[in-house]
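Here the structure is a predicted model, which means the values were calculated and not measured.
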Amino acid sequence: MTKFREFSRHVLGEGYSKWILLLPSLILLAFFAVPLIALIYRSIGPDFFANTLSRQAFQALKLSLVTSSITTILAVIFGTPMAYLLARGKFKRKAWMELILDLPIVLPPSVAGLALLAAFGRRGLIGAYLNEIGISIPFTTAAVIMAQMFVAAPLHVRSARIGFAHIDKQLEEAAYVEGANQWQLFHEVMIPIAIRALASGAILTWTRALGEFGATILFAGNLEGVTQTMPVAIYIGFERNLGVALALSVLLIFVSVVLLMITKQLDKEEE
């Protein structure tokens with residue numbers, strides 16, 4: 001081993017130690033980059049714009065943008081107060097609440113879809129009662145939003161919780177001294193300070209909702225114009241129309257890159 005190190009230093013010179021870190025990093029980067037480059041290269045062709053502007057692609061893109069936007073809004077409305085309570089509150093069973101909220105992040109999407117069916121399906125724990133009064137959720141656009149909400153909203157809660165947790169405790173105490181109530185503290189002090197973390201969490205939620213597939217296909221199905229989102233259309237297009245699948249994949253990559261760049265910029269500003 002010692003001789004190998006001496007030989008490596010002799011061949012690579014002073015940059016030997018740098019290559020130890022750089023080489024595996026470049027291999028991993030290439031592993032991620034090459035498939036994306038290959039996908040974009042394969043999709044570019046004379047039929048690219050025709051496939052991108054096709055009826056199926058347009059409906060899938062429209063549905064994905066609408067449902068993911070609604071999901072993000074709901075995640076912000078319901079997830080921000082929850083994140084604040086988890087970050088600043090002190091109560092029993094807090095660790096269990098955090099576990100339940102974080103669990104959808106690590107669960108396989110197929111498990112999430114089955115869980116939603118078990119709860120809100122026609123014979124589900126809650127869905128059976130809803131079905132009696134004429135409300136059926138599965139295989140509707142509402143089911144798409146619920147599937148996206150289940151897997152994506154925890155990302156906003158997690159990011160917002162970190163943002164609220166990093167706020168100086170003295171600011172909270174000073175607000176109470178000035179006579180602020182709990183709502184004023186939350187609305188006028190905490191949210192403005194943690195706004196970048198909230199925005200970052202919302203963007204991550206939107207990106208994750210755009211790419212949601214597993215829970216959607218199980219709980220919402222594949223109805224064109226109703227539940228067929230971009231990931232579902234890509235899956236179906238792989239069997240029926242590969243050109244549409246490739247075009248939608250490139251569109252999804254482009255949107256995701258833009259959203260992630262915005263998130264990175266917010267992180268830089270926060271630093």
task: Please answer whether the main-chain N or O of A147 pairs with a side-chain N or O of T216 as donor and acceptor at a distance below 3.5 Å.
output: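 No, because the side chain of T216 does not come within donor-acceptor range (under 3.5 Å) of the backbone of A147.
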- prompt: Counting N and O atoms only, with roles assigned by atom type, does the side chain of S256 sit under 3.5 Å from a partner on the main chain of L252, one being a donor and the other an acceptor?
  reply: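 Such a contact is found between S256 side chain and L252 backbone.
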- prompt: Which pair of heavy atoms, one from A30 and one from P35, lies closest together, and at what distance?
  reply: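 Shortest heavy-atom separation between A30 and P35 comes out as O-CD, 4.0 Å.
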task: Quick one: list whatever passes salt bridge (Lys or Arg N to Asp or Glu O under 4.0 Å) with R88, sequence neighbours left out.
output: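 Result, salt bridge (Lys or Arg N to Asp or Glu O under 4.0 Å) vs R88: E172.
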Criterion side chain to side chain contact (heavy atoms under 4.5 Å, CB included) on T229 and E212, from CA distance to verdict: CA-CA 9 Å; T229 58; E212 163 50 32; over 6 Å; no
message: Do S136 and R122 have side chains that approach each other closer than 4.5 Å (heavy atoms only, starting at C-beta)?
response: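 Yes - at least one pair of side-chain heavy atoms lies under 4.5 Å apart.
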query: If you look at every heavy atom in L117 and F219, which pair is closest and at what distance?
result: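 Where L117 meets F219 most closely, the heavy atoms are CD2-CD1, 3.7 Å.
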message: Does any part of the side chain of I162, heavy atoms only, come nearer than 4.5 Å to the side chain of H166, both counted from C-beta?
response: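 Counting from C-beta outward, H166 and I162 do come under 4.5 Å.
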field: Derivation and outcome, side chain to side chain contact (heavy atoms under 4.5 Å, CB included), residues T71 and V144
entry: CA-CA 9 Å; T71 296; V144 175; over 6 Å; no
Heavy-atom closest contact (P81 atom, V76 atom, distance):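 Taking every non-hydrogen atom into account, CD-O, 4.1 Å.
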task: Identify, with sequence neighbours excluded, every residue that meets salt bridge (Lys or Arg N to Asp or Glu O under 4.0 Å) alongside E188.
output: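 Partners of E188 under the salt bridge (Lys or Arg N to Asp or Glu O under 4.0 Å) test: none.
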- prompt: At their closest point, which heavy atom of L198 faces which heavy atom of A160, and how far apart are they?
  reply: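 So the two residues come closest at CD2-CB, 3.3 Å.
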- prompt: How close do L101 and P104 get, heavy atom to heavy atom, and via which atoms?
  reply: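 Heavy atoms only, the tightest pair is O-CD, 3.4 Å.
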- prompt: Do K90 and K94 come within less than 4.5 Å of each other through their side chains, counting heavy atoms only?
  reply: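 K90 vs K94: side chains apart.
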task: Could you tell me whether F78 atom CZ has more than 12 heavy atoms of other residues or ligands within 6.0 Å of it?
output: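 Open.
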message: I'd like to know if the side chain of N131 reaches the main chain of G127, judged simply by a donor and an acceptor atom lying under 3.5 Å from each other, with no hydrogens or angles considered.
response: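 Answer holds: no.
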task: Give the intermediate values and the outcome of side chain to side chain contact (heavy atoms under 4.5 Å, CB included) for residues M261 and V257.
output: CA-CA 6 Å; M261 287 177 63; V257 166; 3.8 Å; yes
- prompt: Which class fits the ring pair H187 and W183: parallel under 30°, tilted 30 to 60°, perpendicular over 60°?
  reply: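 Because their plane-to-plane angle is under 30°, the rings of H187 and W183 count as parallel.
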- request: Determine the minimum heavy-atom distance between R161 and L86, stating which atoms define it.
  value: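 Scanning both residues completely, I find the closest heavy atoms to be CD-CB, 3.7 Å.
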message: Taking the side chain as everything from C-beta on, heavy atoms only, tell me whether I253 gets closer than 4.5 Å to L39.
response: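 Contact flag for I253/L39 side chains = yes.
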query: Under a 4.5 Å cut-off applied to non-hydrogen side-chain atoms, are I137 and M146 in contact?
result: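 Answer yes - side chains close enough.
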- request: Any chance you could pull the hydrophobic cluster mates of L28, using side-chain heavy atoms under 4.5 angstrom and chaining through other members?
  value: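 Once heavy-atom contacts under 4.5 Å are chained together, L28 belongs with F31, F32.
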- prompt: Should I234 and V244 count as side-chain neighbours, where that means a heavy-atom distance under 4.5 Å?
  reply: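 Result no, sub-4.5 Å side-chain heavy-atom pair not found.
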- request: Would you indicate whether the side-chain heavy atoms of F120 and I135 approach each other to under 4.5 Å?
  value: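 Answer no - side chains too far apart.
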Plane angle bin for F213 and Y235 - parallel if under 30°, tilted between 30 and 60°, otherwise perpendicular: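 Answer is tilted, since the angle falls between 30° and 60°.
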- prompt: Going through the distances and angles, do W206 and I262 end up as a side chain to side chain contact (heavy atoms under 4.5 Å, CB included)?
  reply: CA-CA 12 Å; W206 194 12; I262 295 174; over 6 Å; no
- prompt: Have S68 and Q148 got a donor and an acceptor in their side chains that come within less than 3.5 Å?
  reply: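 No - no donor-acceptor pair under 3.5 Å links their side chains.
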message: Any non-hydrogen side-chain atom of L251 less than 4.5 Å from a side-chain atom of F254?
response: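 Not in contact.
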query: Do we see a donor-acceptor contact under 3.5 Å between the side chains of H156 and T80?
result: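 A pair is found: one side chain offers a donor N or O, the other an acceptor, under 3.5 Å apart.
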